[in-house]
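Protein chains get the first letters and strands the later ones, always in sequence-line order, with residue 1 at the start of each.
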Amino acid sequence: MPELPDVEVFRQYMNKKALHRTIKQVQILEDTILEGTTAKQLKSRLEGRAFDSTFRHGKHLFAKVTENGWLVFHFGMTGRFDYFRGNKTPEHTRAVFSFTNGYSLAFLLQRKLGKLALVDGKAEYRKKHGLGPDAMDKKFSLADFREALKDTNSTIKSALMNQELMAGIGNIYSDEILFQARLHPKTNTKELGVRQIDKLYQTTREVLQAAIDSGADPEKMPDNFLIPQRKKSCPVCGGDIKKITVSGRSAYFCPNCQKKPSS
DNA sequence: CCTATAGCCTGACGGC
DNA sequence: TGCCGTCAGGCTATAG
């Protein structure tokens, strides 16, 4: 699930539930999710401290640890949080942060494709992973969007999902953005005119914002969104949705509404 | 530079 | 019911 809107919702959840509480205990149930740190180090640097604030960049969530750097969450394909009371950890819990109030924040990963890291600065982590600007950052302007796509010669779907160009968009939301922009996923970036690029920027921002406003819940998304019914029929024309492979990922689109400029 | 593929992991689903 | 292949909202390394 976790693309930019989902991670933003997780951030809000963490803010609401787990900020400013003293961390009594850290438990790592799955060492393989640790990136550049150890269970021992996490315990020594987190226990007795608290999460002061959160920051999201693309699909990554950073939680500020009082005077002690940042804990970084990456949710892989199946990650999420669960703030629960007591000792019974939810299924698929890989790490638990227990607070002095008797509640705990569980970091869940069904498949173990997520990561947990501890870093001194957000910038260094971003640099190390080659992450471009956050797709929803206020400072990520139309000019930046044009610049990001300028030197690429790939399918537009692939470009939108390229975390080096802009961070946060994955397989599902790239499909939604291209559906709303009425662009075929295999359109080459070079085929797009200035007007289309500009429109795509607006659409990208609108789709991501609408998803965040919906709590990243397909049931609450606008009626014209493809996501809730991407394996069924087009919410606009009612036609059949087609599935093709683009950049090694499944792309769902409406052949009637989304045509390549050249065809 | 770009695309395709495999691998990392687990679970759900469809076909037989 | 059971087994098997396929696929899944991410990312990385490698090959062509």
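Distances shorter than 4.0 Å separate some side-chain N or O of A:S250 from OP1 or OP2 on C:dA8. One finds no side-chain N or O of A:H92 lying less than 4.0 angstrom from the OP1 or OP2 phosphate oxygen of B:dC9. The shortest distance between the side-chain N/O atoms of A:K112 and the OP1/OP2 oxygens of B:dT10 is below 4.0 Å. For A:K59, a side-chain nitrogen or oxygen approaches OP1 or OP2 of C:dC11 to under 4.0 Å. Note on A:H129: every side-chain N or O is 4.0 Å or more away from OP1 and OP2 of C:dC11. Phosphate contact (OP1/OP2 of C:dC7, side-chain N/O of A:Y252, threshold under 4.0 Å): absent. Here A:R111 does not reach the OP1 or OP2 of C:dG9: none of its side-chain N or O atoms lies under 4.0 Å away. Side-chain N/O atoms of A:K243 include one lying less than 4.0 angstrom from OP1 or OP2 on C:dA8.
When heavy atoms are screened at a 4.0 angstrom cut-off, A:S158 is found touching the sugar-phosphate backbone but no base atom. Using a 4.0 Å heavy-atom criterion, one finds that A:R80 contacts no nucleic acid atom at all. Looking at heavy-atom distances under 4.0 Å, A:T155 makes contact with sugar-phosphate atoms alone, never a base.
Remark: A:R182 qualifies as a cation-pi partner of A:F179 under the 6.0 Å distance and 45° angle criteria applied to the six-membered ring.
Minimum atom distance to the side chain of A:M77 is reached by C:dG9, of the listed B:dC8, C:dC11, C:dG9. When each of C:dA8, C:dC11, B:dC9 is scored by its nearest atom to the side-chain atoms of A:K231, the top-ranked nucleotide is C:dA8.
Interface remark: the A:D175 side chain does not form any donor-acceptor pair with the C:dG9 base, using a distance-only criterion of under 3.5 Å.
Nucleotide C:dA8 is matched to B:dT10 when pairs are restricted to Watson-Crick or G-U wobble geometry with both distances under 3.5 angstrom.
A:T37 and A:Q41 are linked by a side-chain donor-acceptor pair at a separation below 3.5 angstrom, with hydrogens and angles left out of the test.
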